[in-house]
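Step one of this worksheet: look at the structure below.
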Amino acid sequence: MDKDRRQGGSKAAPKAPFRGEGGDTHTQWKPGNMVYPLPAVLVSCGSTPEEYNLLTVSWAGTVCTNPPMCYISVRPERHSYNIIKRNREFVINLTNEELARAADWCGVRSGRDCDKFRQMKLTPVPGAVVAAPRVGQAPVSIECRVRDIIPLGSHDMFLADVVNVWADARYIDPATGEFRLADAHLIAYSHGHYHKLGEEIGKFGWSVRKRK
């Protein structure tokens, strides 16, 4: 697991905190990664069963709709880094309550020392478009092909095209075809802790929808 994930991101600034006027309770922190919550995804990689590996990533997200693109940021010292760089393919597997322990375990263990699929009793399933496997137990698996590798500092960003998506049919409404992703009970990572996603408070566009 990355040091910044393990520490939960930024810490309070050592200087005396600035207090705003009028009872403002905010305080200043030194610059750091504080955009939370984040996904806690299992990234699978490797072109053959002998090099299949998993790593847990929170620095991951969407960058474009058309064409569909996403990214992951990985430290070069991670075992999976060279596997992804060499093959230029990976799969982003969303995690839920059932996969929470595996997500954490795969973030603190190295694939140099163990077979993470076997240790966590996860099923590597060959991708349809990429050679990298997907996690058979994941509610959603996103096959990705690397478009560019961007050195940023502590991490390199793998900017990738989404070339295929797998969705667990258990969460697809047979009557409407709607993918009820909330039923998968996804988890999120926030400042060093894992959380279950909570109660829905609205739907896209609800704030401007006319009331009857």
Does any part of the side chain of [Y], heavy atoms only, come nearer than 4.5 Å to the side chain of [X], both counted from C-beta?
X	Y	value
V130	R145	yes
L186	T95	no
I172	R180	no
E89	C144	no
L99	P139	yes
K85	Y81	yes
L94	V41	yes
L55	V74	yes

Problem set entry | Test: R147 and D161 ion pair at under 4.0 Å |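 Result for this pair is yes, salt bridge flagged.
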Indicate if [X] and [Y] have the same hydrophobic cluster label, given that clusters are the connected sets of ILVMFWY residues with side-chain heavy-atom separations under 4.5 angstrom.
X	Y	answer
V125	F117	no
V43	I83	no
I92	F179	yes
F90	I149	yes
V135	Y171	no

For this session: Show the numbers, then the answer: is there a side chain to side chain contact (heavy atoms under 4.5 Å, CB included) between L122 and K116?
Result: CA-CA 8 Å; L122 299 176; K116 294 184 181 181; over 6 Å; no
Enter the distance from [X]:[atom1] to [Y]:[atom2] here, rounded to the nearest 0.5 Å.
X	Y	atom1	atom2	result
N53	S110	CG	OG	7.0 Å
D104	T56	CG	OG1	7.5 Å
H26	D24	NE2	CG	6.0 Å

For this session: Inspect the surroundings of CZ in R101 and state if more than 12 heavy atoms from other residues, nucleotides or ligands are less than 6.0 Å away.
Result: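 Open: at most 12 neighbouring heavy atoms sit under 6.0 Å from CZ of R101.
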For this session: Hey, can you tell me if Y36 and W59 have their rings parallel, tilted or perpendicular (30° and 60° cut-offs)?
Result: tilted
Exercise. Just by distance, with hydrogens left out, do Q137 and N96 show a side-chain donor and acceptor under 3.5 Å apart?
Worked result: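 Not at all, the side chains of Q137 and N96 share no donor-acceptor pair under 3.5 Å.
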Exercise. With distance as the sole criterion, is a donor-acceptor pair present between the side chains of N93 and S44 under 3.5 Å?
Worked result: yes
Exercise. Judged by atom type as modelled, is there a donor-acceptor pair below 3.5 Å linking the side chain of E51 to the main-chain atoms of G46?
Worked result: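 Between the backbone of G46 and the side chain of E51 there is no qualifying donor-acceptor contact (under 3.5 Å).
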For this session: Return yes if some donor-acceptor pair links the side-chain N/O of T176 with the main-chain N/O of E178 below 3.5 Å, else return no.
Result: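 Yes; at least one donor-acceptor contact below 3.5 Å.
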Compare every heavy atom of [Y] with every heavy atom of [X], then report the nearest pair and how far apart it is.
X	Y	result
C70	V162	SG-CG2, 3.9 Å
C106	R78	O-NH2, 4.3 Å
P133	C45	CD-O, 3.8 Å
H193	H191	CD2-O, 3.2 Å
R75	S154	CG-O, 3.5 Å
G192	Y189	CA-OH, 3.2 Å

For this session: Could you go through the side chain to side chain contact (heavy atoms under 4.5 Å, CB included) check for I84 and I72 one step at a time?
Result: CA-CA 11 Å; I84 297 172; I72 59 171; 4.0 Å; yes
Exercise. Step by step, would you call R109 with Q119 a side chain to side chain contact (heavy atoms under 4.5 Å, CB included)?
Worked result: CA-CA 11 Å; R109 293 287 187 266; Q119 291 287 335; over 6 Å; no
For this session: Could you please spell out the steps behind the side chain to side chain contact (heavy atoms under 4.5 Å, CB included) verdict for I142 and V91?
Result: CA-CA 5 Å; I142 305 163; V91 179; 5.5 Å; no
For this session: Using the test ring pair (Phe, Tyr, Trp, His ring centres under 6.0 Å), find all partners of Y52 that sit at least two apart in sequence or belong to another chain.
Result: none
